[in-house]
Amino acid sequence: MEERYDFKAVEEKWQREWERTQAYRVHEDVERKKFYCLEMFPYPSGNLHMGHVRNYSIGDVLARFKKMQGYNVLHPMGWDAFGMPAENAAIQRKTHPATWTWSNIENMRRQLKRLGMDYDWTREVATCSPDYYKWTQWLFLLLYKRGLAYKGEGAVNWCPSCATVLANEQVEGGVCWRCKTPVEKRRLSQWFFKITEYADRLLEDLELLEGWPERVKTMQRNWIGRSEGVEIEFIAEKTGDKIPVFTTRQDTVYGVTYLVLAPEHPLVEKLTAGTEYEREAREFAAKASALSELDRTTALEKEGMFIGAYAINPMNSQRVPLWIANYVLMEYGTGAVMGVPAHDERDFEFAQKYGLEVRTVIRRPDGSAPADPSEAYTSYGPMVNSGPFDGLAGKEALRAVADYMEEKGIGKRRINYRLRDWLISRQRYWGAPIPIIYCDQCGTVPVPEEDLPVTLPEKVVFTGTGPSVLEGVEEFVNTTCPQCGRAARRETDTMDTFVCSSWYYLRYTSPGYEDGPLSVASANYWMPVDQYIGGIEHAVLHLLYSRFFMKVLNDAGLVKEREPFKRLLTQGMVLKDGSAMSKSRGNIVAPDEIVEKYGADTARLFILFASPPEKDLEWSDAGVEGAHRFLNRVWRLVLRGPVGSGEPDPEVRRALHLAIKKVTEDIEERFNFNTAISAIMELVNTLYRAERVTEEALETLVLLLAPFAPHLTEELWHRMGKEGSVHTQAWPKYDPEAIIADVVEVVVQVNGKVRDHIQVPAGATRDDLAARALASDRVQSFIAGKEIVKTVVVPDKLVNLVVK
RNA sequence: GCCGGGAUGGCGGAACUGGCAGACGCCAUGGACUUAAAAUCCAUUGGGCUACUCAGCCCGUGCGGGUUCGAAUCCCGCUCCCGGCACCA
């Protein structure tokens with residue numbers, strides 16, 4: 001009686017064994033080439049979902065593959081454990097965020113172990129553990145010391161549902177990235193990280209990231225939004241105030257017919273003071289700033305008003321009216337723009353609505369320069385009506401005007417970024433406390449390093465209403481000033497969880513290190529992450545913040561690398577019936593259930609086989625069955641043992657070595673696990689059909705499959721009587737001799753249409769091939785009575801006869 | 001609106017440098033084994049037409065053109081879908 005593959009017993013057995021032998025522990029070894037394989041660590045929501053399984057299966061295959069190739073592979077796992085849901089759970093279930101989080105971690109760790117991931121669990125980190133957030137706080141202080149952390153007041157994004165502020169990156173289309181609630185604007189004093197100081201480097205170093213998807217780099221480029229231009233100083237007519245205006249189109253400066261200030265622009269108040277416009281302007285500003293971010297993105301109607309004042313264009317001394325309008329943002333550039341309706345769509349729309357003059361100063365390609373155009377012409381062209389600059393065009397015009405302005409002291413070249421500083425304060429309990437103390441005498445005082453961590457008080461009450469929970473905890477708030485010793489108050493805001501996740505990949509390199517956030521030697525050995533794998537949703541958020549942190553730490557001499565992630569793989573979503581799996585849709589397939597029913601190897605194999613990693617994957621129960629069937633097929637094939645005797649069949653040997661080549665290249669160069677698996681399937685089909693199957697063939701099959709199905713292959717390896725773990729064996733190498741075929745099939749075409757297939761010795765000459773093609777009866781029937789005008793020969797592949 | 005990515009059988013997908021379109025898997029159908037079923041194994045499986053002995057021809061990779069001996073692949077022009085950004089001056 002043939003023994004069936006008992007996946008349950010086998011998987012449990014080997015998981016126990018790997019744990020017992022500490023099979024996946026990694027140690028630094030400068031003698032060996034390292035490979036750092038990392039998947040984005042999860043938020044411990046309580047249960048793994050299929051997206052996690054996909055993410056971690058991809059990483060696991062790579063890690064195991066690289067290990068077999070002889071690399072010293074760091075493959076760690078941990079928890080992005082601070083965040084809102086824990087507080088919501090605390091309110092709803094009357095539990096403590098820590099209790100909830102730690103029990104979730106425990107469950108998810110169990111689930112990961114059950115999937116057979118080869119993590120070195122001794123390196124596990126959880127960002128909510130004081131051992132970890134002590135160093136998050138330490139890094140905050142590092143940024144503070146380096147002038148990169150500051151408290152500033154400004155209009156900030158407020159999510160009323162999360163009851164906290166958000167960074168710009170965390171507002172998506174006007175709504176909170178997490179809960180989708182429309183975000184409001186509030187003026188608050190908050191902590192920021194000066195990421196803008198690194199804008200140029202974050203942009204430039206994207207060039208170093210050859211292993212990143214172009215799409216992600218484009219998104220980061222757009223987000224940083226560098227634009228080159230000139231800041232021109234207009235002068236307020238009556239008061240003489242300077243009104244700097246940023247433009248990228250200084251070649252249109254002679255076309256300025258008005259100036260627009262942001263409604264909140266500080267000059268508005270001054271210029272309208274005591275005039276008939278004062279009250280209306282104030283009301284207009286109040287209305288504009290009350291707009292939520294969502295309204296801002298949808299309210300397209302441009303509105304504005306004249307504020308009764310004029311400014312002088314420094315280029316031509318022209319007097320232009322001053323307006324305020326809702327489409328000018330105080331946060332970008334100088335909060336004031338020049339109105340050039342002839343050459344800017346927004347200005348044109350605005351000018352049409354309010355009857356402002358449209359003055360053409362750039363000639364169109366057709367040569368026309370209509371006095372009253374019907375639409376804005378926004379491309380480049382020769383300047384007209386522009387005094388000494390007439391005739392200059394494009395880059396040359398931009399340069400000449402900028403030079404002139406700088407020379408005359410009218411304006412200066414400037415580079416503007418769309419990127420804003422990173423707002424990191426959160427009015428939440430479950431986060432890393434910002435290590436700052438406010439003293440009436442000494443002002444803002446950083447907590448001394450030796451006092452870290454500033455730990456979260458455990459005794460807290462979650463009501464679900466009111467301000468930050470920490471504000472109400474007297475024992476936490478009340479402290480003494482580290483400088484003067486007098487009574488002082490602690491900062492009660494905690495840090496954005498993205499701060500915690502901006503450096504975790506470094507902590508893994510020396511997780512128990514007590515003298516700093518990282519051991520410099522360890523970080524320098526392991527960094528950068530050679531392969532990072534995660535969802536595209538972090539294209540800007542986490543991936544930009546982490547790059548920023550890496551650069552700060554590089555400046556501080558803590559790491560020698562400038563970029564944290566050398567290669568990035570963004571995996572697609574796991575869909576069910578065409579849409580993302582979600583609780584509300586009720587189309588969730590739980591990993592635990594699949595593992596229970598088919599085993600971890602099946603789950604992993606299916607998810608890798610169903611689609612290339614970057615594309616979305618449609619879940620299919622039938623597909624899972626197929627993967628399961630295949631594993632059983634391998635089981636039976638290998639246990640059957642070698643077949644026949646004598647010399648190995650060269651065709652089988654060829655198939656074997658072709659499979660090694662294909663699987664190796666697909667994993668290593670293309671991450672096409674689906675085609676790698678299909679190559680293994682083809683090999684299995686070949687071996688089933690073959691009359692002679694060698695021990696070598698079966699052994700190689702098991703090795704090739706090992707990264708994908710770690711439990712099954714480990715069991716087979718031992719049943720074959722082999723020593724040691726299959727996962728510590730050397731990855732098979734193909735023999736280039738073995739894959740050379742003696743005879744190849746060559747396609748014969750007549751006028752590009754396939755008419756015959758001929759068997760010819762490999763390496764036949766062009767003339768020989770052409771002759772053999774002509775010798776074919778079938779081919780003859782197609783060329784009979786016609787003239788051969790051309791013969792195209794692709795050696796070992798194809799002959800094409802062109803006839804007339 | 002701008003920037004990216006995509007469209008290939010009933011389905012997921014493959015085709016790496018322009019060279020046999022549809023590998024591999026799923027589904028389906030037929031056969032073998034079995035008292036029967038499951039499991040397993042073998043075979044067929046893009047569409048159409050002519051043959052049904054053995055095959056042969058035509059069409060076919062979102063649409064319309066082009067380059068080429070030859071195009072899923074390159075170029076030009078469109079349609080639709082997905083993602084990102086969106087008054088950024």
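Within every chain, numbering begins at 1; the chains are lettered A, B, ... in the order of the sequence lines, protein sequences first and strands thereafter. The shown structure was predicted, so the numbers you read here are calculated from the model rather than taken from an experiment.
Listed pair A:Arg418 / B:A86 meets the phosphate criterion, a side-chain N or O lying under 4.0 Å from OP1 or OP2. Under 4.0 angstrom from either OP1 or OP2 of B:U17 there lies no side-chain N or O belonging to A:Lys797. Distances shown here put a side-chain N or O of A:Arg670 below 4.0 Å from the OP1 or OP2 atom of B:A15.
In B:G9 the O4'-C1'-N dihedral to the base is within 90° of 0, which defines a syn nucleotide.
Both tests do not hold together for A:Lys302 against A:Phe350: distance to the six-membered ring centre under 6.0 Å, angle to the ring axis within 45°. A cation-pi arrangement is absent between A:Arg604 and A:Phe673 under the rule of less than 6.0 angstrom and at most 45 degrees off the ring axis. A cation-pi arrangement is found for A:Arg249 relative to A:Tyr380, the charged atom lying closer than 6.0 Å to the ring centre and inside a 45° cone about the ring normal. Seen from the ring of A:Phe782, A:Arg755 counts as a face-on cation partner, given the 6.0 Å and 45° thresholds.
What separates CG of A:Leu419 from P of B:C85 is a distance of 14 Å, to the nearest Å. Whole-Å rounding puts the A:Leu608 CG to B:G13 P distance at 14 Å. We find that CG of A:Asp344 is positioned 15 Å from P of B:C2, with the value rounded to whole Å. In this structure, A:Phe246 places its CZ atom 9 Å from C1' of B:C88, rounding to the nearest Å. At whole-Å resolution of the value, CD in A:Glu691 and P in B:C42 are 14 Å apart.
Residues from residues 674-684 of chain A that place a heavy atom under 4.0 Å from any atom of RNA chain B, listed by number: A:Asn674, A:Thr675, A:Ser678, A:Met681, A:Glu682.
Taking the six-membered ring where the residue is Trp, A:Trp619 and A:Phe606 present perpendicular rings, their angle passing 60° and hence far from 30°.
Heavy atoms of other residues, nucleotides or ligands lying less than 6.0 angstrom from CD of A:Glu669 number more than 12.
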Inset, instruction - Scan nucleotides 3-12 of chain B nucleotide by nucleotide, 5' to 3', and note B when protein non-hydrogen atoms come under 4.0 Å of the base, S if they reach only the sugar-phosphate, - if neither. - result: SS-------B
Inset, instruction - Using a 4.0 Å cut-off on protein heavy atoms (strictly under), produce a 5'-to-3' string for nucleotides 70-76 of chain B with B for base contact, S for backbone-only sugar-phosphate contact, and - for none. - result: -------
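Residue A:Asn685 is classed as a sugar-phosphate contact, given heavy-atom separations below 4.0 Å to backbone atoms only. Residue-level contact check: A:Lys662 touches the bases, meaning some heavy atom is under 4.0 Å from a base atom. Within the nucleic acid shown, A:Ser227 comes within 4.0 Å of sugar-phosphate atoms alone, with no base atom in reach, counting heavy atoms only. Counting non-hydrogen atoms under 4.0 angstrom, A:Val337 reaches a base of the nucleic acid. Within the nucleic acid shown, A:Gly225 has no heavy atom closer than 4.0 Å to any nucleic acid atom.
Here A:Lys662 does not pair with A:Glu682 in a salt bridge; the nearest charged N to carboxylate O distance is not below 4.0 Å. In summary, A:Arg346 and A:Glu349 do not engage in a salt bridge, as defined by a charged side-chain N under 4.0 Å from a carboxylate O. Between A:Glu625 and A:Lys597 no salt bridge is recorded (no basic side-chain N to carboxylate O distance below 4.0 Å). One finds no salt bridge joining A:Asp6 and A:Lys8 here, because no Lys/Arg side-chain nitrogen approaches an Asp/Glu carboxylate oxygen to under 4.0 Å.
Looking at A:Asp621 and A:Tyr598, their side chains never bring a donor and an acceptor atom within 3.5 Å of each other.
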Do any N or O atoms of the protein come closer than 3.5 Å to N or O atoms of nucleotides 27-32 of chain B, and which pairs are they?
residue : atom : partner  : partner atom : Å
B:C27   : OP2  : A:Arg629 : NH2          : 3.3

Provide a list of protein-nucleic acid N or O atom pairs under 3.5 angstrom, restricted to nucleotides 47-56 of chain B.
residue : atom : partner  : partner atom : Å
B:G56   : OP1  : A:Arg778 : NE           : 3.4
B:G56   : OP1  : A:Arg778 : NH1          : 3.3
B:G56   : OP1  : A:Arg778 : NH2          : 3.3

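The nearest heavy atom of RNA chain B to A:Glu665 and to A:Ser620 marks one nucleotide each, and the one closer to the 5' end goes with A:Glu665.
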Inset, instruction - Would you write the dot-bracket representation of RNA chain B, where each base gets (, ), [, ], | or . depending on whether it forms a Watson-Crick or G-U pair under 3.5 Å and with which partner? - result: (((((((..(((......[....))).(((((.......))))).(((((....)))))..(((((..]....))))))))))))....
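With B:C20, B:C85, B:G19 as the choices, the nucleotide that has an atom nearest any side-chain atom of A:His757 turns out to be B:C20.
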